[in-house]
There are 2 protein chains.
Amino acid sequence: MDTLRDICRRAGLKATHQRLEILREMLQAKDHPSAEQIHQRVLRRLPTVSLDTVYRTLAAFDQHGVIARVFSSASCVRYDPAPERHDHFVCVKCNRIMDCRVSGAGRLRVPATVRTMGTVERIQVEVRGVCIRCLNRARGRRRWWKQTPE
Amino acid sequence: MDTLRDICRRAGLKATHQRLEILREMLQAKDHPSAEQIHQRVLRRLPTVSLDTVYRTLAAFDQHGVIARVFSSASCVRYDPAPERHDHFVCVKCNRIMDCRVSGAGRLRVPATVRTMGTVERIQVEVRGVCIRCLNRARGRRRWWKQTPE
DNA sequence: ATAGATGCAAAATGTTTGCAGTGGC
DNA sequence: GCCACTGCAAACATTTTGCATCTAT
């Protein structure tokens with residue numbers, strides 16, 4: 001079995017108190033917490049961690065594949081003119097969103113067990129990856145909305 | 001054919017200059033724009049619209065089903081401890097996220113045409129709806145992370 | 001006429017950054 | 001000892017709100 005320390009080191013990150021506690025909370029979380037929530041929880045054991053350390057640490061764990069960001073396409077809300085069903089290709093680097101079709105998407109069904117969670121309004125498929133533009137451009141750091149459209 | 005004015009009125013919204021222009025830009029947009037982007041574009045024809053009107057208007061159009069918010073699960077980033085593939089049920093009211101399984105999700109395939117958009121890292125299925133808790137509670141206005149977990 | 005929409009300015013929220021100091025390796 | 005990491009405070013970006021004014025119906 002892997003200790004928290006092992007996980008950190010294997011990811012190439014120094015195993016500090018803060019990180020171990022943040023990781024502990026993350027791994028036992030069942031609710032997809034935000035940075036602020038993790039901060040609150042870690043404070044119980046480590047009353048001095050700062051919120052920005054939590055931000056930095058979660059981002060680092062995400063980048064090294066230890067945890068995963070629940071996708072929330074960008075730093076801002078985006079709108080779609082088309083109400084008809086279609087899927088999205090979203091670039092994880094620049095957040096560009098392109099409409100696409102994923103085969104099998106029309107046949108997705110929600111099992112009865114999910115119905116107990118609430119009422120289903122729609123099922124959305126998101127393809128995450130790196131767009132060609134970002135692949136070509138070594139560093140795609142400019143904000144997506146300042147880049148030339150399409 | 002529907003004029004912009006018709007669309008507004010059918011949604012129960014007053015057809016103001018601002019709204020018509022915002023709607024025009026939205027309907028011809030191909031890039032899933034943000035509020036700020038729409039604001040920039042509308043400014044060309046209507047140099048006095050304010051950014052907050054754009055925010056309010058887009059939110060109104062969204063609520064009345066004229067356009068759709070590209071889902072970005074919440075106002076803040078959320079993390080997931082589990083790297084194994086699973087789907088998410090997301091409550092559109094309180095933003096609670098629950099793990100679930102959608103049948104057919106494992107068989108989704110990305111057609112070759114999508115490959116030209118970039119490299120695919122993963123396919124994520126999101127079930128959007130209203131969770132039982134929000135259904136039971138008439139007004140679920142509190143921030144999700146201030147509600148009792150699970 | 002009036003309910004609803006707008007513009008402005010200010011606040012709230014979530015996240016990032018620069019920097020000096022600390023601590024893991 | 002070195003370099004990555006931390007805490008603090010301040011900056012930043014996005015979105016929301018209160019209020020007086022305006023306007024579509």
Side-chain angles (χ1 to χ4, degrees), chain A residues 3-23 32-40 42-43 45-64 66 69-70 72-79 95 141-146, chain B residues 3-23 32-40 42-43 45-64 66 69-70 72-79 95 141-146:
Chain A
T3 65
L4 297 171
R5 178 168 256 107
D6 289 339
I7 298 177
C8 275
R9 285 210 267 245
R10 193 137 29 77
L13 297 168
K14 286 190 181 177
T16 64
H17 290 306
Q18 295 90 330
R19 282 188 177 156
L20 298 182
E21 291 306 326
I22 291 169
L23 187 51
H32 311 81
S34 65
E36 168 129 13
Q37 278 179 305
I38 288 293
H39 184 226
Q40 288 302 325
V42 171
L43 278 178
R45 286 166 154 265
L46 215 66
T48 57
V49 259
S50 68
L51 179 57
D52 48 279
T53 293
V54 175
Y55 272 105
R56 280 190 267 228
T57 303
L58 290 175
F61 283 150
D62 172 36
Q63 270 161 32
H64 291 82
V66 179
R69 202 181 228 255
V70 174
S72 63
S73 52
S75 48
C76 59
V77 174
R78 311 268 297 266
Y79 291 93
N95 285 315
R141 306 217 141 268
R142 275 183 301 161
R143 313 206 143 253
W144 58 268
W145 57 269
K146 302 217 165 165
Chain B
T3 64
L4 297 171
R5 176 168 257 107
D6 288 338
I7 299 178
C8 274
R9 284 211 268 245
R10 192 138 28 77
L13 297 168
K14 287 189 180 176
T16 63
H17 290 306
Q18 294 89 332
R19 282 190 178 156
L20 298 181
E21 291 307 326
I22 291 169
L23 187 51
H32 311 83
S34 65
E36 168 129 14
Q37 277 179 307
I38 287 294
H39 183 225
Q40 289 302 324
V42 171
L43 277 178
R45 287 166 153 263
L46 214 66
T48 57
V49 260
S50 68
L51 178 57
D52 48 280
T53 292
V54 175
Y55 270 105
R56 281 190 267 228
T57 302
L58 290 175
F61 283 150
D62 173 36
Q63 270 161 32
H64 291 81
V66 179
R69 204 180 226 255
V70 174
S72 62
S73 51
S75 48
C76 59
V77 175
R78 310 268 298 264
Y79 291 93
N95 286 316
R141 306 218 141 269
R142 276 184 299 162
R143 314 206 142 253
W144 59 269
W145 56 271
K146 300 218 164 162

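These figures come from a predicted structure and were not determined experimentally. Throughout, a chain's letter reflects where its sequence line sits, starting with A, and its residues are numbered from 1.
Proximity of B/Q18 to the phosphate of C/dG7: a side-chain N or O atom is located under 4.0 Å from OP1 or OP2.
Distance, A/L46 CG to D/dT6 P: 10 Å, rounded to whole Å. Rounded to an integer number of Å, the gap from CD of B/Q63 to C1' of C/dG4 is 14 Å. Following rounding to the nearest Å, B/L58 (CG) and C/dA5 (P) show an atom-to-atom distance of 14 Å.
Of the two residues contacting DNA chain C, namely B/T57 and A/D52, the nearest-nucleotide position lying further toward the 5' end is that of B/T57. Nearest-nucleotide assignment on DNA chain D puts the 5′-proximal partner with A/S50, out of B/A35 and A/S50.
Taking A/A60 as the reference, A/L13 meet the side-chain contact (heavy atoms from CB on, under 4.5 Å) condition, with sequence neighbours excluded. Every salt bridge (Lys or Arg N to Asp or Glu O under 4.0 Å) that A/R10 has, sequence neighbours left out, goes to A/D2. In this view, B/T53 and B/S50 satisfy the side chain to side chain donor-acceptor pair (under 3.5 Å) rule, not counting sequence neighbours. For B/R9, there are no side chain to side chain donor-acceptor pair (under 3.5 Å) partners, not counting sequence neighbours. Residues passing the side chain to side chain donor-acceptor pair (under 3.5 Å) test with B/E21, sequence neighbours excluded: B/R24.
Counting only heavy atoms from C-beta on, B/Y55 has its side chain closest to D/dT15 among C/dT17, D/dT15, C/dT15.
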*Sugar-phosphate or base contact per nucleotide [nucleotides 19-25 of chain D; S, B, -; heavy atom under 4.0 Å]*: -----BS
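Axis orientation changes by 40° from one end of the helix from C/dA1-D/dT25 to C/dC25-D/dG1 to the other, with each end axis drawn from 5 pairs and the value rounded to 10°.
Applying the 6.0 Å contact sphere to NE2 of B/H17 captures no more than 12 heavy atoms from other residues, nucleotides or ligands.
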